[in-house]
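One structure is given below, encoded as structure tokens.
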Amino acid sequence: MDGAAVLGICVEVQLSRKDQKRWSWPVYVATLRARLKCPVVLLIVVPNSEIAAWAGNPIEIGHPGFALRPLVIGPGDLPLVTDPAEAASSPERAVLSAMAHGDGPHNKEVFQSLLTALMKTDDERARMYHDLVDEVLSEAASRRLEELMTMTYEYQGRIARKYVAQGLEEGVATSIFTVLSTRGLVVSDAQRLEIEQCRDISQLNEWLSRAVTAATCADVFG
């Protein structure tokens with residue numbers, strides 16, 4: 001009522017078994033509890049039954065009676081989304097569905113719903129969600145998703161435009177670094193980051209032109 005937190009939730013998507021997590025998860029909980037000054041729970045989302053069983057094992061801290069028991073959402077708890085309309089209204093549910101059920105008997109409908117969901121998100125999230133799903137799929141399911149992506153004209157067009165533009169930007173940025181290096185000019189970390197993060201192709205081309213004659217790296221940005 002006074003704006004104070006009443007419950008904190010540490011959420012992590014665990015794609016594989018990493019025993020180091022059993023040391024870091026208690027730290028996440030304790031740190032968030034100290035910061036929010038309220039009860040905190042640990043929620044692990046796992047698309048694989050075997051990993052889910054491992055993640056749910058209690059973590060003995062060492063202090064008598066003090067064990068952390070993670071809350072786990074496994075494949076059986078994740079939604080099966082095969083309706084594109086539902087996917088469009090809740091893209092994250094469609095992503096979880098594809099992660100959990102992408103290797104199942106309904107994978108075509110699941111993937112079609114996923115592509116609908118990705119079209120409703122911005123480019124950065126769409127790419128992140130796709131990579132997250134693809135990382136947990138079997139090789140056969142990953143190929144199936146790729147096939148559907150190439151068959152979906154609207155999605156293919158959007159992704160093609162994005163990656164063509166991205167490829168041009170990366171190519172010009174690489175050329176800038178090559179020219180400066182060939183001329184014996186050392187690029188600072190800050191300058192390198194500015195070039196790598198630039199998404200304005202005209203600006204990159206201008207920097208490339210300057211790099212040919214600039215006396216210093218600073219002159220490139222002048």
If the threshold is 4.0 Å, N to carboxylate O, is there a salt bridge linking Asp19 and Arg17? yes
So, using side chain to side chain donor-acceptor pair (under 3.5 Å) as the criterion, who are the partners of Ser188 when residues are at least two apart? Gln191
Kindly compute the distance separating OG (Ser181) from CD1 (Ile176), expressed to the nearest 0.5 Å. 13.5 Å
Val45 side chain near Val72 side chain, heavy-atom distance below 4.5 Å: no
Cluster check Leu68, Tyr28: I/L/V/M/F/W/Y, side chain < 4.5 angstrom: yes
Stepwise side chain to side chain contact (heavy atoms under 4.5 Å, CB included) test for Trp25 and Gln20: CA-CA 9 Å; Trp25 284 340; Gln20 178 62 30; over 6 Å; no
Does some side-chain heavy atom of Leu137 sit less than 4.5 Å from a side-chain heavy atom of Val133? yes
Is there side-chain contact between Cys10 and Leu42, with heavy atoms separated by less than 4.5 Å? yes
Answer yes when Arg125 and Glu92 have at least one side-chain N-carboxylate O distance shorter than 4.0 Å, and no when they do not. yes
Measure the CZ-CD distance between Arg143 and Glu139 for me, rounded to the nearest 0.5 Å. 5.0 Å
Check for a donor-acceptor pair, side chain of Ser90 on one end and backbone N or O of Ala87 on the other, with a separation under 3.5 Å. no
Between CD1 of Ile51 and OG of Ser16, what distance do you get to the nearest 0.5 Å? 6.5 Å
In Å and rounded to the nearest 0.5 Å, what is the CG to CE distance from Asp134 to Met99? 11.0 Å
CG of Asp200: more than 12 outside heavy atoms within 6.0 angstrom? yes
Determine whether Val172 and Ile195 make a side-chain contact, defined as any pair of heavy atoms from C-beta on separated by less than 4.5 Å. no
What pair of heavy atoms forms the shortest contact from Leu78 to Ala100, and how long is it? CD1-CB, 3.4 Å
Could you tell me whether a side-chain N or O of Arg22 sits under 3.5 Å from a main-chain N or O of Pro58, the two making a donor and an acceptor? yes
Do Glu124 and Met128 make a side-chain contact, defined as non-hydrogen atoms from C-beta onward lying under 4.5 Å apart? no
Could you pull out the closest heavy-atom pair between Ala88 and Pro91, with the gap in Å? O-CD, 3.9 Å
Cluster link Leu15 to Val110, ILVMFWY, side chain under 4.5 Å: yes
Ring of Phe111, cation from Arg144 - is the NZ or CZ under 6.0 Å from the centre and inside 45° of the axis? no
Any side-chain to backbone donor/acceptor pair from Arg93 onto Pro79? Under 3.5 Å, distance only. no
Return the set of residues passing side chain to side chain donor-acceptor pair (under 3.5 Å) with Asp103 (not counting sequence neighbours), or none when no residue passes. Ser138
With side chain to side chain contact (heavy atoms under 4.5 Å, CB included) as the test, would you mind laying out the steps for Leu180 and Cys217 before giving the verdict? CA-CA 8 Å; Leu180 293 174; Cys217 284; 4.2 Å; yes
Do Val29 and Val46 belong to the same hydrophobic cluster, where Ile, Leu, Val, Met, Phe, Trp and Tyr are linked whenever their side-chain heavy atoms lie under 4.5 Å apart, directly or via other members? yes
Pair Leu71, Ile44 - check side chain to side chain contact (heavy atoms under 4.5 Å, CB included), show working. CA-CA 6 Å; Leu71 304 178; Ile44 310 298; over 6 Å; no
Which heavy atom of Ile59 sits nearest a heavy atom of Pro26, and at what distance? CG2-CG, 4.0 Å
About how many Å separate CG of Leu145 and CG of Leu115, when rounded to the nearest 0.5 Å? 6.0 Å
Ion pair check, Glu206 and Arg210, cut-off under 4.0 Å: yes
Worked verdict on Phe66 versus Glu60 for side chain to side chain contact (heavy atoms under 4.5 Å, CB included): CA-CA 7 Å; Phe66 188 9; Glu60 296 293 341; over 6 Å; no
Distance col, row Thr82:OG1 vs His106:NE2, nearest 0.5 angstrom, shows 7.5 Å
Spell out, yes or no, whether Val136 and Leu43 are grouped together once hydrophobic residues are joined by side-chain heavy atoms under 4.5 Å, including indirect joins. yes
Which heavy atom in Cys38 sits nearest to a heavy atom in Arg33, and how many Å separate them? O-CG, 3.5 Å
Ile9 vs Val40 side-chain heavy atoms within contact, under 4.5 Å: no
Determine the minimum heavy-atom distance between Pro75 and Pro47, stating which atoms define it. CG-O, 3.3 Å
For Leu114, which of Leu148, Val95, Val81 qualifies under side-chain contact (heavy atoms from CB on, under 4.5 Å)? Val95
Do Leu118 and Leu96 sit in one hydrophobic cluster, given that two such residues count as connected whenever their side-chain heavy atoms are within less than 4.5 Å of each other, even indirectly? yes
Which residues pass the ring-ring contact (aromatic ring centres under 6.0 Å, His included) test with Phe221, not counting sequence neighbours? Trp207
